[in-house]
Amino acid sequence: MSHSEAEIRKHVRVYITVFIALAVLTIATVLASYFHLPLKQAITLALFIASIKATLVAAYFMHLISENKVIHSILLLTGFFFLLLLLLPAMR
Amino acid sequence: MSSDHSHDLPFWKKYIFSTDHKVVGIQYTVTGLLFLFFGFCLMMLMRWQLAFPSQPLPWLGQFFHEKTMVSGIMLPEFYNQLGAMHGTIMIFLGVVPLAVGGFGNYLVPLQVGAPDMAFPKLNMMSYWVYFIGGVIMFCSFFLPDGSAQSGWTSYPPLSVIANQGQTFWLIGMVFLITSSLLGSINIIVTIVHLRAEGLTFFRFPFFIWSQLVTSFLLVLAFPPLEAAGILQLMDRVAGTSFFMPSGLVVSGQVLQASGGGNPLLWQHLFWFLAHPEVYVLILPAMGIVAEIMACNTRKPIYGYKMLVYSAIFLGFMSFLVWAHHMFLTGMSTKMSSFFQITTMIISIPSVIILTALVLSLWGGSIRFTTPMLFAIAFLPMFGIGGLTGLPLGLTAADLHLHDTYYVIGHFHYVVAPGTIFALFAGVYHWFPKVTGRKMSEFWGKVHFWLSFIFINGIFMPMFSMGLAGVSRRLYDPTQYAHGLAVQPLNVVISYSAWLLALAQIPFILNFFISIFAGKKATDNPWEATTLEWATPTPPGHGNFLTEPKVYRGPYEYSVPGAQHDFSPQHLEGIN
Amino acid sequence: MRAMNNNYYGFGLPIDISTHGAAIDRLIIILHIFMVALFIGWGIFMIYSLIKFRARPGHKATYHLNHFKAPTYLELFVALFEAVLLVGFSFPIVNQFVNAKPDESTALKVRVVAEQFAWNVHYAGKDGIFGASKPELMKPGNPLGLDRSQEAAKDDIVAINQLHIPVHKPVIVELSSKDVIHSFFLPVMRVKQDTVPGQKIPVWFEATQTGNFEIACAQLCGLGHYRMRGFFTVDTQEDFDTWLDQMAPKPEV
Amino acid sequence: MSDIAIKHISKPHPVTGVTNGKLGIWLFIASEIMLFGGLFSAYILLRTGSPSWPHGSSVLNVPLATLNTMLLITSSVTMVMAWASLALKNVGKFKFYLGLTILLACGFLIVKSFEYGTKFEHHHFPSTSTFYAVYFTLTGLHVLHVIGGIIVNAYYLFPGSKMWETNPEQFLCRIENAGLYWHFVDLVWIFLFPTLYLI
C-alpha cells in the first residue's frame, strides 16, 4: 500500500477515534459485569462487546477494511475452521 | 551447489547453515531418510517380539540395556516405546519432512521458476527447529525410563501418568509443529508470490497444487494439536487436570489431582490435526506420482482440472471427518451418522484422483523406468489402502475392526507402499537434477521388485489378523486364543519385514555410489516439461540463468505438430 | 490356560454367538466383495493399459483423448453404493447398538470397571441393587471400593476377569474405568466399546450359544495391555445361577 | 546471500496486492487463530462439562485486568502511530511511539506479574482447579506472545532500525507486519479479558 501524506493524516484521526471507542467499550463491559446479569445474558453481552472491539482493531489498526482479497479469503477460510473448532465441545 | 555467486562463503554457511532452498531441501531429505530408516529399525525389533514372543533376540540382544531387554528378551515397556516412537518418527520425522520439507523445499521454487523460497532465513530456521525436535525425540530413548510409550496418539490419562519420556515427546512435538508451520507458510508465499511470469494457477504442475493444499492443511490443522500439546504438558508438569477426570484410582492409589477434565478433549483436538495430517502424508505423494506419470507416459495427465479441484476439496473435507477415529468413545448416533456421511463423501475425491491417474496411462507411450515403476505401484497400493478405509469409516463394521490390525494394514497401505513408494519414485526421478548423475536403472529395478513383493508380504496378512480380531499394540498377541490362531501370519510378516530391509541395500548402495560414479545426466535427462528441468544441472545459487517465462501448461507432451514429444513450459513456440 | 477351543477362531472373522452380530458380519462381507470387485476391475484395466501402451518403436502417445464417460458412471455407482451401505446397513446397525436398550426389568445388569490391567465385574446380587463404588476405598482386596456395611453392597458379587452371562438373555453391561482408557472387546460377540474414565457407557447384547470365550482390551492402556485378558463365559441359566451362588460373599462371623 | 533478488519483498505482488511479508504474517496469524481456537474450545468444553464454575470477577482482580486492557489497547494505538509516523518519514516520532509501545507492554507484564504473585500467595496454582488451570494456561500463553512482541519491537527500535538507512521501503513493511502481530496479541486479550474475568 502506498499512502499519500494526507491519507495517513486522515488515518491518524481514525486511529484516535477508534482508541477512544475501545476505551469506552472496555469501561462499558466492566461496568456491565457489576450488574450481575443472568449468566446467559452476561455471556452474550460480554462477547458482543468483545466482538465489536475486535472488529475495530482488526478493521482499523490491522487495516483489514482496506486490505486485499487474498488476505480476506485466508481469514474467511480460517474463520470457518475456527468456528468448527469452537463447535467441537458440542460433539458428543 | 557450486556456483560463482557463493564461492566466497565459508563451508558452514554454504552447506550447514545455508539459506539456499536446495541445500535446505537436501538436508531435509537426508535427515528424513535417516529417520525413516531409524523408524524402520524400531519396527524390525518389534517384529522379532511379535513373531517369536518372549524369545531372546539372537546376537543383537546383548547390546541392549537391561531396562529394555533382559538377556535379549524384550520387556513390554520397551515394546511400547518402540511402538510409540515408530509411529511418531515415521510420520513427524520421516514422511512429512521428506515430502514437504525435502521435496517441497527443493522443487517448489524450481517448479514455479523462483530463485529461492520467499523467506530463505526462515527456511533455514525451520530445518533447524525440525532438527532440534528430532534430536529431542531421539534422545528420549536414553532417559532412565526410556521414551514415550503411550502410542503416537498419546491418549490421556495414560500419557499423563506415563514416564518422563512423554514430556520429551511433547516438547519435541512443539518443535516439530513450529517447524512445519514456518515451512508451510514459506511454501504458500513462495507459490503464490514468486511464480514466474505466465505461470497461472492452472499451469501449475500438480505437485505444486498438492504442496499448496498440504501447506494450508499444516497451517490450519497443526495449531490445535499444539494447543493440545500445551495442555498435556501443563497436565504433566504443572499438575493441571485438563484431561484428567475426577476420582481416578491408579494402581490402588487415588490420584492427587483437581480433576474435572475430559480425556476425550485430547482425542478431539488430536484428530482435528491428525486427520488432515493423513492428507498431508498422501497429497504430496500424489503430486510426485502425477509428475512422474505424465513424464513417463509422454502425454498430459487425464483430467488435470478435476485432479486440482479434487485435491482442494479433499483438503477442505479433511477437516470435517476427524471423529471417525472416535466412533467407539460413546458418541451419539447423530454424531456418528454425521461423521460417517462426511467420511463417505471424502472418499469420492480420492476415487476421482486415483481414477484420473489410472486413466492417464491410457493412450500413452509408457517408459518403464525405475521412478515410473514406483509410481505405477503407488496406484494399486493406495487403492488397497483407500478401499480398506471403507469398512473402518462405517461405524457398524468399525465395531469389530476398530483398533485391530485391520486399521494397521489400512493406513500402512496408504503411507508405506503408498506415500513411501511415491517418495522413492521422487528420489529416483529428481536425483539427476540434484546431483548431476543418474542412479543405476538395474539396481533401481531390483530395489523396486523386491520392495514391492515384501511390503505386500508385510501388510496383506494384517487384514486377516484384523478380521480375526487381533488388537493393535499388543506386546504378545498369543496371550489371546484369537491371537494364537493367527500367529503364523506374524511370522510371515516379520520375515517379510526383515527381507524388506535387505531389499533396501541395493537402494542405499545405489544412492551413494551414484552420487560419485553414476552416469552423467544432462540438464533434462527425462525429457520433461516442467520448469525445474530448465535449470542447469545441478542448479546453481539462484537457480535459473535467466528469469524463466511460462508459455503453456505443465504436461504438454506429444503435442501434435511438435518436433519433439515434449514441449517445455518455458519455451516459446512448440518445441 | 490358552488351550481354549480354537475352533472359535481362525484367519477370518471369529464365530459369532450374538443376536446382533450377523448384520455386522453381513456388512463386512458385502464390503469386501465390493472392494475386491472394484480392485480387480481397476487392476485389469491398469495392466491392460500398461501392456497396450508400453513404449516401443513406432508407437506414439496420443495428446488428444476423448473424454471418458465410464469413470463418471463408475464414480456415481460408487457414491450410490456408499449411500446404500450407510442408510441400509450402517445406520440401522449402529442405531440398534447404541439406542435400542433392552428392557431393564428382564435384562441382566452387570457393571464392568476396567483398571490397569484387569476387568472388575460387578453383579448386583440378590437385591438387584448395585452398591456404590468409592474411589477412596479402592484397595487391592476391594477393587471396586464397595462399602460392605452399606445395605445395597452387602450381597454384591465381584469377579475379577470373569464375566459370566446366561444364554438367550439380554445383558446390559455398564462400562467404566478407574484409571486410563481401555476398550472392552468381545470378539465373538461383535462388541467393542471404549471405557472412558469419568464416563459410564452401557452396551448390550444377547448370546445364542454357550461356551468359554475371551474379553480383550483393544486400547493401549500401559505395559500390561497385552495381558489384560478376561474370561467370558456363556452359561445356561442354571449354570449361571450356580456360579453366582458360588461367587456370592460369605457372611463373615 | 543477498545476491539473489527475491521479488515482492517491499513491492506488492501485482495480483494479490500485498508483499511477501504481509502474506506470511497473515498466514502466521491464521495459524495463531487456530491455536487459540483450540484453547478456547477446550475452555468451553471444560466449562460446560463442569458442575460448577466460579464467576471470574469473584476470584480474579478485575480492576487490575481493566488497567491491563487499557495498557494493551493503548500500546496497540501507539504501535499503529509508530507505523504512521514512519510512513510520514518522521523517524524521531516513530522511535518515540515504538518505545512507548514497548514500555506499555512491559507495564502489562508488570501488572500481570503482580496478579500472578497474589494468586500464588493465596496458594492458587494451575493445579488448584480447572478454572485456575484454564486461567493460568491461557494468560500464560498470552504473556509469552507479549514477550515475543516486545523482543521483535525492541529489535526494530534498536539494531533493526539501521535498515531505515539502507532500505526504507522494506523497513516500513517490516514495521507494518510487526504491528499486525502486535494488534493480534491485543485482539486475543480483548477476548481473554471478558471470558476469564467478567463471566
Side-chain angles (χ1 to χ4, degrees), chain A residues 1-4 7-8 11 22 25-26 29-30 33 36-92, chain B residues 181 184-185 188-189 191-193 201 212-213 215-228 231 242 261-273 275-276 312-313 315-339 342:
Chain A
M1 276 186 292
S2 57
H3 299 270
S4 70
E7 252 181 277
I8 289 170
H11 277 310
L22 288 174
L25 285 170
T26 305
T29 189
V30 173
S33 79
H36 290 289
L37 292 169
L39 194 62
K40 241 187 195 156
Q41 276 100 308
I43 291 176
T44 317
L45 183 69
L47 287 184
F48 179 67
I49 294 179
S51 307
I52 296 178
K53 284 165 71 180
T55 313
L56 287 175
V57 171
Y60 295 102
F61 290 175
M62 296 170 98
H63 304 134
L64 267 189
I65 199 155
S66 56
E67 196 47 271
N68 283 287
K69 222 168 64 193
V70 63
I71 306 290
H72 289 157
S73 343
I74 290 173
L75 286 178
L76 210 66
L77 189 72
T78 313
F80 177 80
F81 291 130
F82 176 78
L83 286 181
L84 192 72
L85 205 50
L86 289 190
L87 279 180
L88 191 145
M91 305 211 170
R92 307 239 156 160
Chain B
L181 286 176
S184 42
I185 289 173
I188 295 174
V189 177
I191 293 175
V192 176
H193 272 182
F201 275 64
L212 188 63
V213 176
S215 299
F216 266 104
L217 293 184
L218 286 172
V219 166
L220 297 177
F222 247 141
L225 180 67
E226 194 157 24
L231 297 182
F242 288 111
N262 188 339
L264 294 185
L265 171 61
W266 167 269
Q267 296 191 20
H268 276 300
L269 290 174
F270 181 86
W271 288 114
F272 192 89
L273 152 89
H275 202 83
I312 295 171
F313 186 63
F316 183 80
M317 283 303 291
S318 70
F319 282 91
L320 299 171
V321 296
W322 80 87
H324 69 207
H325 299 266
M326 303 166 59
F327 280 150
L328 301 189
T329 54
M331 65 167 60
S332 66
T333 40
K334 237 188 247 162
M335 255 19 266
S336 78
S337 302
F338 173 76
F339 284 105
T342 54

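Each chain gets a letter, A, B and so on, in the order the sequences are listed, and its residues count up from 1.
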*How about B/Phe316 and A/Phe81: are their ring centres within less than 6.0 Å of each other?*
yes
*Counting heavy atoms not belonging to A/Tyr60, are there more than 12 under 6.0 Å from its OH?*
no
*asked:* If I measure from the heavy atoms of chain A, does B/Phe319 come under 4.5 Å with its side chain, its backbone, both, or neither?
replied: both
*Look up atom CG in B/Leu220 and atom CG in A/Leu84, then write down how far apart they are to the nearest 0.5 Å.*
11.5 Å
_I'd like to know whether A/Leu77 forms a side chain to side chain contact (heavy atoms under 4.5 Å, CB included) with B/Phe216, so could you lay out the CA-CA distance, the side-chain angles of the two residues, the decisive distance to 0.1 Å, and finally the verdict._
CA-CA 10 Å; A/Leu77 189 72; B/Phe216 266 104; 4.2 Å; yes
*So with a 6.0 Å cut-off around CZ of A/Phe48, is the heavy-atom count from everything else above 12?*
no
*Under 4.5 Å from a heavy atom of chain B, the part of A/Phe80 involved*: side chain
